[in-house]
There are 2 protein chains.
Amino acid sequence: MAGTFQRRNTPQRKVVLDELRKLTSHPTAVELYEFARRQLPKISLGTVYRNLEILTLEGTIRRLDSVGAEARFDGDITEHHHVRCVRCGAVGDVRGLPGLPGEMTVTDTSQLGGYEILGYRLQFEGICPLCRDAQDAADGNADAEAG
Amino acid sequence: MAGTFQRRNTPQRKVVLDELRKLTSHPTAVELYEFARRQLPKISLGTVYRNLEILTLEGTIRRLDSVGAEARFDGDITEHHHVRCVRCGAVGDVRGLPGLPGEMTVTDTSQLGGYEILGYRLQFEGICPLCRDAQDAADGNADAEAG
DNA sequence: GTCTCTGCAAAGTTTTTGCATGCAA
DNA sequence: TTGCATGCAAAAACTTTGCAGAGAC
């Protein structure tokens, strides 16, 4: 039966989890691999992927599929949503958004195509502070080109 | 300058768009390619990808990055959200959800990490009717194993 | 005739997997 | 000692791109 395997606490798994929890940047697997290599130079990308999958299935971390081409990972599994910068792809956190239902209970599935709803994710799109600054700076020079 | 090119109305582009609009299954590029080949046997997957990108940039169709590993596409660009089946990966539509804010206006960016918000997507997760049926059937035999 | 689009194929990117060995428990 | 996990590398899955010829306008 699935789920009855004995999980082992290897240094690789610990480093992957520790590094992910240290980062607030929602890194990709490859980015996390680079960080992990600083502590375990021989760790392989395959191992990083395998541990990320295990930790995701355990519910220890969260996988963000919705933020672009590659998956990103979040060591913070408390309730929150994400913003993705449409310019640079950075991902930030969104918490306690005013005006949003803290919990949505959907009992009428007739408008859900018969799906049984397990949960939802709110995914914002926007422009991060750094790209806003860059845009503001560019706007100062853009008027001449607009005509 | 970008955007000044004259778009041509090729049969390939028409077929890609027509097939996508016929389907409500939010197909992947490869799935759409299979459908398109029935009308244009020599169409290439690269052409399908290129046209999907063009149509997306034009705003004629919608690309769904948020529903799994591969991108899916939606020929219906009216306002609606999506449900993804966590079992089989199918994607359904969600419309006029009661209790949801039809439009969210977020002016206080302090809780958004300084991001300028452009929009949002609501992404549901659930179990589709087919997988529910399969689960119900399986539950009848699962009691013995639970103990 | 011009210039975008196409088919084909190669290559790029991201993720998974096979296998022999390593190591946590 | 047992068997899950690792490193390495090949492969799979998905998407993009270069190029010469085709075809829309």
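Computed from heavy atoms alone, side chains included, the values below leave out hydrogens, waters and symmetry copies. Per chain, numbering begins at 1; letters A, B, ... match sequence-line order.
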Between CD1 of A:I54 and P of C:dT15 the distance, given in whole Å, is 17 Å

Expected list for residues 13-33 of chain A near DNA chain D, using heavy atoms below 4.0 Å, is A:R13

With B for base contact, S for sugar-phosphate-only contact and - for none (protein heavy atoms under 4.0 Å), nucleotides 16-25 of chain C reads BBB----BBS

Joining Ile, Leu, Val, Met, Phe, Trp and Tyr whenever any side-chain heavy atoms lie under 4.5 Å apart, the cluster holding A:V86 also takes in A:I127, B:L118

For A:E53, the salt bridge (Lys or Arg N to Asp or Glu O under 4.0 Å) test, sequence neighbours excluded, returns none

Here the gap from B:E116 atom CD to A:C128 atom SG, rounded to the nearest 0.5 Å, amounts to 10.5 Å

The helix from C:dG1-D:dC25 to C:dA25-D:dT1: angle between terminal helix axes, five bp per end, to the nearest 10 degrees, reads 40°

Applying side chain to side chain contact (heavy atoms under 4.5 Å, CB included) to B:K22 and not counting sequence neighbours gives B:E19, B:Q39

Contact check, residues 36-44 of chain B vs DNA chain C, heavy-atom distance under 4.0 Å, returns B:K42, B:I43, B:S44

Residues joined to B:V15 in its hydrophobic cluster, side chain to side chain under 4.5 Å directly or through other members, sorted by chain and number, are B:V16, B:L17, B:L20, B:L23, B:V30, B:L32, B:Y33, B:F35, B:L40, B:I43, B:L45, B:V48, B:Y49, B:L52, B:L55, B:I61, B:F73

Residues joined to A:L57 in its hydrophobic cluster, side chain to side chain under 4.5 Å directly or through other members, sorted by chain and number, are none

Salt bridge (Lys or Arg N to Asp or Glu O under 4.0 Å) filter on B:R37, not counting sequence neighbours, yields B:E34

Separation between CZ (A:R132) and SG (A:C85), nearest 0.5 Å, reads 10.5 Å

Interatomic distance, NZ@B:K14 vs CD@B:Q12, rounded to 0.5 Å, equals 12.0 Å

When rounded to whole Å, the CD to P distance for the pair B:E70 and C:dT15 reads 12 Å

Sorted by chain and number, sequence neighbours left out, salt bridge (Lys or Arg N to Asp or Glu O under 4.0 Å) with A:E125 holds for A:R84, B:R121

The side-chain hydrogen bond (donor to acceptor under 3.5 Å, both in side chains) partner of B:D74 among B:R21, B:H82, B:R63, B:R62 is B:H82

Across all chains, not counting sequence neighbours, the salt bridge (Lys or Arg N to Asp or Glu O under 4.0 Å) partners of A:D76 are A:R95

Q) Using a cut-off of less than 4.0 Å, is there contact between a side-chain N or O of B:Q12 and OP1 or OP2 of D:dG23? A) no

What orientation do A:H80 and A:H26 show, parallel under 30°, tilted 30 to 60°, or perpendicular over 60°? tilted

